[in-house]
Every structure is written in structure tokens, then in C-alpha cells.
Protein chains: 2
Amino acid sequence: MKKLNSTHKKTPAKIEVIIMAALECFNELGFNGTGMNDICARGGTSVGSVYHHFKSKDQLAARVYIEGIKNYQSGYIEELLKHNRPRDGIFAIVRYHINWVYSNRDWARFLFRMRHEDFMWAVEEEFAQLNKKFFDTVGTWFRKGIQAGEIRKMSPDMYPPVLMGPCQEFTRMLLEGKTFAKQETAASELAESAWRAVKAV
Amino acid sequence: MKKLNSTHKKTPAKIEVIIMAALECFNELGFNGTGMNDICARGGTSVGSVYHHFKSKDQLAARVYIEGIKNYQSGYIEELLKHNRPRDGIFAIVRYHINWVYSNRDWARFLFRMRHEDFMWAVEEEFAQLNKKFFDTVGTWFRKGIQAGEIRKMSPDMYPPVLMGPCQEFTRMLLEGKTFAKQETAASELAESAWRAVKAV
DNA sequence: CATATTTTAGAATTATATTCTAAAATATGG
DNA sequence: CCATATTTTAGAATATAATTCTAAAATATG
């Protein structure tokens with residue numbers, strides 16, 4: 001009559017509820033402004049329950065972050081791999097980034113705001129792993145274009161900032177309410193800029 | 001025999017000591033990881049004293065931020081105004097940004113990490129003011145180049161991200177230990193990229 | 001020098017993240 | 001379906017750390 005490590009059927013759903021409640025609270029009240037109370041209230045659950053599923057407030061926030069970054073990265077890779085020519089790939093990922101932020105504002109806001117929070121140490125290892133895989137894939141894709149002479153040579157570390165820096169900054173402004181530029185305009189102008197910055201000619 | 005609002009001679013020095021102690025603690029231990037205790041210990045002062053000069057931990061952190069951003073922005077403007085040709089100005093500010101980060105790591109780390117912290121609401125107004133003045137000045141400078149046809153036309157909101165986004169991302173990587181690129185290499189490659197992205201031809 | 005004001009110090013208070021205990025719910029072998 | 005080991009929930013108790021408070025010390029100025 002012994003059982004081990006089984007898990008109740010509704011547990012994954014409950015965890016998801018807590019994560020979404022946490023995401024909303026953190027966005028509305030900030031990390032420090034959010035009490036475990038607030039999360040429990042919004043998720044319709046109890047302190048004990050939350051602590052049963054998550055080791056700490058930090059762990060919880062970190063899980064939220066991982067959830068978001070996974071979604072972003074997987075879509076990014078999927079989009080990139082649809083294309084072969086450097087120019088097409090660059091336009092695609094810039095567009096992807098901007099669209100993703102426009103249609104996942106809550107997640108995007110959380111990812112931007114929390115990128116450097118203390119609690120990220122709670123998932124340092126996992127986060128590094130995700131990033132490594134992500135940058136490896138992207139790097140491999142771009143190497144083709146560089147070797148084919150379609151993308152100009154720079155120190156390898158410069159490509160990510162040059163390509164994605166502008167959309168990062170633009171979407172940051174967007175989420176801070178500092179710009180109301182149209183999605184379409186932004187996407188095409190930033191993609192064009194990125195392409196000019198790296199194309200070989 | 002009545003006096004009002006006078007201030008002891010050593011007060012400004014003390015405030016500076018507290019600010020530097022706070023900067024170091026926050027960088028080493030994170031905002032939440034830092035106790036008022038830690039700051040007092042490092043600054044050789046007492047809780048009561050710190051609270052006499054700063055309304056709260058949030059206020060203190062926010063003052064540190066403002067101190068740092070003022071230094072960064074004033075140097076930036078000074079550098080930009082030394083130049084007249086768009087290309088020269090762009091090279092100068094990219095270089096300035098990178099050099100500033102290399103030679104003010106502590107401040108830079110703090111500014112990056114804390115940009116979206118809750119406590120920034122404590123100085124929202126002042127921060128907005130600084131940014132407005134900063135962007136106005138920069139905007140005015142660039143408008144010349146655009147009108148002279150040396151810089152291509154884009155939505156106005158795109159210039160800041162296109163010009164500074166790459167160095168922002170690069171220096172972020174630098175502070176996270178994700179790159180060891182040489183200061184000189186980074187500066188020239190990123191400046192060149194920025195110039196290609198916006199030049200008219 | 002006298003005294004109003006500012007500054008310092010540290011104890012007391014308050015707020016809130018975390019731990020703990022026990023009850024309720026659930027899964028599974030029989 | 002039953003018995004029971006395990007997981008999950010709940011909320012009270014505890015611990016930690018920010019903030020407030022009170023009084024003493026230091027300082028500026030008429």
C-alpha cells in the first residue's frame with residue numbers, strides 16, 4: 001500500500017493558476033509591492049498551498065520568467081529556421097520580436113522588468129542552459145550567411161547586440177509608454193536598419 | 001536665537017558616503033539582498049542617521065540611480081556637442097557610451113540592473129525631467145543631420161533605439177560577463193554599425 | 001555663550017516572507 | 001469499494017528586516 005511521487009490530477013492546472021496570478025500581481029504591483037497574500041487572493045488559494053508548489057517568492061517569480069522566455073525563444077527559433085537567405089531571416093526575427101511584444105504585453109513587460117532581479121539567481125543554471133541553446137542555434141544559422149559573404153565580418157559577440165539591440169530598446173520604450181509607433185512601421189524600419197548594419201555590401 | 005533649515009557642514013559628505021555604501025551593497029547583494037544594516041555597516045553609520053537623510057530604502061536607491069544617470073547624461077551631451085558632422089557625432093557617442101561603462105562599472109551595473117525596479121517610482125518625475133531634457137538636446141542635434149540629408153528619414157522614435165540599442169545590449173552583455181571583447185574593437189564596430197544603419201546613402 | 005536645530009544612535013514597532021502543524025483530499029494496491 | 005500512504009490545502013506561529021520613535025549628542029548662529 002505504498003505510493004511514491006504521485007501527483008494529483010489537478011496539480012498542473014493549479015500551478016498554472018498560481019503562475020498567472022503571480023505574473024499579473026508582479027506586473028501591477030511590482031515584485032516587492034506584491035505580497036504572497038496578493039498572489040493567493042488573486043489565485044484563490046492559500047499561502048501554504050503556494051509554498052507547497054514553490055520553494056519561495058523568488059522561486060515563483062523565477063518560474064514565471066522561465067515560462068515566458070521559453071515561449072519567446074521557441075517562437076523565435078521556429079521563425080528563423082523558416083528562412084534561408086540572411087536578409088529574410090533578419091527581417092523575420094525583427095518582425096517576430098516586435099509582434100511577440102505587441103501580442104504578449106504582460107509577459108514582455110515581466111521579462112523586461114525582471115531580467116536583472118535578484119531572484120533570477122534561483123534559476124541561473126536553467127536560464128544559462130536555455131540561452132546557450134538559443135544562441136548556439138541562432139549562431140549556427142548566421143554563420144552560413146557570414147561564410148557566404150552576405151553578412152560582413154565582425155567580432156562574433158557583436159552580432160546579437162547589433163541585430164536585436166534596436167528592437168529590444170524600441171520594445172522597451174513601447175512598454176514604458178514612450179512611443180506609440182505603429183507595429184508595422186516599427187518592424188519594417190528596424191528590420192531595414194538591422195540589415196543595413198550587417199549586410200556585406 | 002532662531003535658525004531655520006541650516007545644515008551641518010559635514011552633511012553633504014555623509015550623504016555621499018551613504019550613497020556610495022548603498023551603491024556597493026546593492027551591486028554586491030542585490031536590492032532585496034541588502035539590508036539597511038549592511039549599508040550602515042559599510043558606511044560606518046546608524047539606521048537612524050540614514051533615515052534622517054533618506055525617507056526610505058527605496059528613496060535611497062532612487063537617489064543613487066539619479067546620481068548615476070546625471071553623470072552619464074552630462075558626459076554624453078558634452079561629448080556630442082563637440083562634433084558637427086553626423087558621422088563624427090555618432091562615432092563619438094557610441095565610443096562615449098562604451099568607455100563610460102568600462103570606466104564606471106559599478107555605476108553602470110547599477111543603472112542597468114535597477115532601471116525597472118519598483119523604487120524608481122520614487123523619482124519618476126525627476127527622472128522623466130532629466131530624460132526629456134536629454135532627448136531634446138540629442139534630438140535637436142540629430143535633426144540638423146536629417147535635414148541636411150546626411151541621415152536617412154525614419155519615424156523619430158526609431159533613432160534612439162537604432163543608434164544606442166546595440167551599445168546598450170553590448171554593454172549589458174559585458175557587465176553580465178557574457179563577452180570579453182576589447183573596448184576598442186567594440187567601440188569601432190558598433191559605431192560603424194550604427195552609422196551604416198542611419199546614414200543616408 | 002545660550003539655545004534652537006540638525007544629526008546620530010539604537011531600541012521598539014510593524015510588516016511580511018517563511019515555517020510549521022494538522023486536517024482534507026487524492027491516488028492506488030488489494 | 002476499502003484502507004492507507006502521500007499529496008495538497010489552510011491558516012496560525014515565527015522570523016526577518018524595514019520603518020518609526022525617543023532621547024541624547026553635535027552643530028550653527030545671534
Side-chain angles (χ1 to χ4, degrees), chain A residues 1-23 25-26 28-64 114 117-123, chain B residues 1-23 25-26 28-64 114 117-123:
Chain A
M1 288 92 176
K2 291 156 193 185
K3 303 99 195 212
L4 253 175
N5 263 7
S6 62
T7 174
H8 292 183
K9 208 180 319 181
K10 292 190 282 187
T11 294
K14 176 112 214 192
I15 288 176
E16 197 59 22
V17 165
I18 296 173
I19 286 181
M20 293 311 293
L23 173 65
C25 289
F26 289 145
E28 287 170 26
L29 310 169
F31 180 74
N32 288 321
T34 297
M36 295 305 271
N37 286 350
D38 300 312
I39 296 171
C40 294
R42 170 130 9 180
T45 185
S46 69
V47 185
S49 193
V50 171
Y51 273 92
H52 175 73
H53 294 295
F54 301 91
K55 191 157 46 206
S56 65
K57 188 182 172 186
D58 277 21
Q59 272 286 343
L60 170 54
R63 295 312 314 165
V64 176
M114 306 300 178
E117 283 288 337
D118 305 357
F119 65 68
M120 288 301 290
W121 287 106
V123 287
Chain B
M1 287 92 172
K2 290 158 190 181
K3 303 100 193 215
L4 250 177
N5 262 8
S6 63
T7 173
H8 291 183
K9 210 181 319 182
K10 293 190 283 189
T11 296
K14 176 111 214 192
I15 288 177
E16 197 59 21
V17 165
I18 296 173
I19 286 182
M20 292 311 292
L23 173 64
C25 288
F26 289 144
E28 287 171 25
L29 311 168
F31 179 74
N32 288 321
T34 298
M36 295 306 269
N37 286 350
D38 300 314
I39 296 171
C40 293
R42 170 129 9 180
T45 186
S46 69
V47 186
S49 193
V50 171
Y51 273 92
H52 175 72
H53 294 295
F54 300 93
K55 192 155 49 204
S56 65
K57 188 183 172 186
D58 276 22
Q59 272 287 344
L60 170 53
R63 293 314 312 166
V64 175
M114 305 300 178
E117 284 287 337
D118 305 356
F119 64 68
M120 287 302 289
W121 288 106
V123 287

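Values below: all heavy atoms of this structure, side chains included; hydrogens, waters and symmetry mates excluded. Each chain gets a letter, A, B and so on, in the order the sequences are listed, and its residues count up from 1.
Straight-line distance from the CG atom of B/Leu60 to the P atom of D/dA18: 11 Å, rounded to whole Å. Regarding A/Asp58, its CG atom lies at a distance of 16 Å from the P atom of D/dT16, rounded to whole Å. Look at CG on B/Asp118: it is 14 Å from P on D/dA18, rounded to the nearest Å. Summarising the geometry, the separation between CG on B/Asn32 and P on D/dA18 is reported as 9 Å, rounded to the nearest angstrom. Per the geometry, NE2 belonging to B/His53 stands 12 Å off C1' belonging to C/dA9, to the nearest Å. One can place NE2 of B/His8 at 7 Å from P of D/dT27, the figure rounded to the nearest angstrom. Taking atom NZ of residue B/Lys57 and atom C1' of nucleotide C/dT16, one finds them 13 Å apart after rounding to whole Å. As a whole-Å value, the separation of B/His52 NE2 from D/dA24 C1' is 14 Å.
If you find the closest nucleotide of DNA chain D to B/Thr7 and to B/Lys55, the one lying nearer the 5' end belongs to B/Lys55.
For C/dT8, one of the phosphate oxygens OP1 or OP2 lies less than 4.0 angstrom from a side-chain nitrogen or oxygen of B/Lys14. Under 4.0 angstrom from either OP1 or OP2 of C/dT7 there lies no side-chain N or O belonging to B/Lys10. Here A/Thr11 reaches the OP1 or OP2 of D/dT8: one of its side-chain N or O atoms lies under 4.0 Å away. At the phosphate of C/dT19, neither OP1 nor OP2 sits under 4.0 Å from any side-chain N or O atom of A/Ser56. Considering only side-chain N and O atoms, A/Ser46 lies nowhere under 4.0 angstrom from the phosphate OP1 or OP2 of D/dT9.
In this structure, A/Ser49 contributes its side chain and A/Ser46 its backbone to no donor-acceptor pair below 3.5 Å.
Within the 4.5 Å cutoff, side-chain heavy atoms of A/Asn32 are placed close to those of B/Asn32. Considering only heavy atoms from C-beta on, B/Met114 stays 4.5 Å or farther from B/Met120 through its side chain.
Nearest heavy atom pair, residue B/Asp118 against residue A/Phe31, reads OD2-N, 3.5 Å.
Comparing D/dT19, C/dA9, D/dA28 by their closest approach to the side chain of B/Thr45 singles out C/dA9. Between D/dT8, D/dT19, C/dT18, one nucleotide has an atom nearer to the side chain of A/Met36 than all others, and that is C/dT18. Of the candidate nucleotides C/dA9, D/dA28, D/dA10, C/dA9 has the atom lying nearest to any side-chain atom of B/Ser49.
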- Message: Test side chain to side chain contact (heavy atoms under 4.5 Å, CB included) on B/Lys57 and B/Met36; report intermediate values, then the result.
- Response: CA-CA 7 Å; B/Lys57 188 183 172 186; B/Met36 295 306 269; 3.7 Å; yes
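Contacts of B/Gly35 with the nucleic acid, taken as non-hydrogen atoms under 4.0 Å apart, involve only primed sugar atoms and P, OP1 or OP2.
In this structure, D/dA25 forms a base pair with C/dT6, meeting either the Watson-Crick or the G-U wobble geometry with both donor-acceptor distances under 3.5 Å. Of the nucleotides present, D/dT16 is the one that pairs with C/dA15 by Watson-Crick or G-U wobble criteria, both distances under 3.5 Å. Using Watson-Crick or G-U wobble geometry with both donor-acceptor distances under 3.5 Å, D/dG30 finds its partner in C/dC1.
Taking a cutoff of 4.0 Å between a charged side-chain nitrogen and a carboxylate oxygen, A/Lys10 and A/Glu16 do not qualify as a salt bridge.
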